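Everything quoted here is computed from the prediction, not taken from an experiment.
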Amino acid sequence: MMRRISIAVFSAGWIGPLWLSAETLRQYLEVDLIPRWHGHTPPLNSFPFVHFSRQTFTLSCLWLAMVVFHWAWRWSRNPATHP
């Protein structure tokens with residue numbers, strides 16, 4: 001059972017950092033960028049939204065690449081295991 005759970009987390013876990021990246025970028029647009037476009041001065045914010053969003057996006061892409069590589073490697077070794 002633990003093996004199945006760990007395989008599922010490994011295979012689909014890249015979605016978490018991708019969601020976090022998109023959410024961080026959306027929050028940056030709402031908090032900082034849109035008020036500037038409307039001529040308002042947004043509150044000062046020291047959190048590096050864009051940098052953090054880029055880091056989590058890179059993490060999710062690398063994670064996805066590892067998942068694709070892992071399953072391609074596994075299925076190419078043993079043709080009987082793929083659908």
Spacing of NE2 belonging to H51 relative to OG1 belonging to T56, to within rounding of 0.5 Å: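 These two atoms lie 10.0 Å from each other.
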- request: Find the distance between CE (M66) and CH2 (W14) and round it off to the nearest 0.5 Å.
  value: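 One finds 13.0 Å between CE of M66 and CH2 of W14.
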Linking I/L/V/M/F/W/Y whenever any side-chain heavy atoms sit under 4.5 Å apart, do [X] and [Y] land together?
| X | Y | result |
| --- | --- | --- |
| F52 | W19 | yes |
| I7 | W63 | yes |
| V50 | W37 | yes |
| L33 | V31 | no |

Side-chain contact, heavy-atom cut-off 4.5 Å: [X] with [Y]?
| X | Y | result |
| --- | --- | --- |
| L29 | F49 | no |
| L59 | Q55 | no |
| T24 | F47 | yes |
| F10 | V67 | yes |
| Y28 | S53 | no |
| C61 | F57 | yes |

- request: Fit a plane to each ring of W75 and W71, take the angle between them on a 0 to 90° scale, and name the class: parallel (under 30°), tilted (30 to 60°) or perpendicular (over 60°).
  value: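 The arrangement is tilted - the two ring planes meet at 30° to 60°.
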message: Test your reading of the model: is there a side-chain donor-acceptor pair from T58 to the backbone of R54, 3.5 Å cut-off?
response: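 Answer holds: yes.
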message: Restricting to salt bridge (charged side-chain N to carboxylate O under 4.0 Å, His left out), what partner residues turn up for R26, sequence neighbours left out?
response: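 Partners of R26 under the salt bridge (charged side-chain N to carboxylate O under 4.0 Å, His left out) test: E23, E30.
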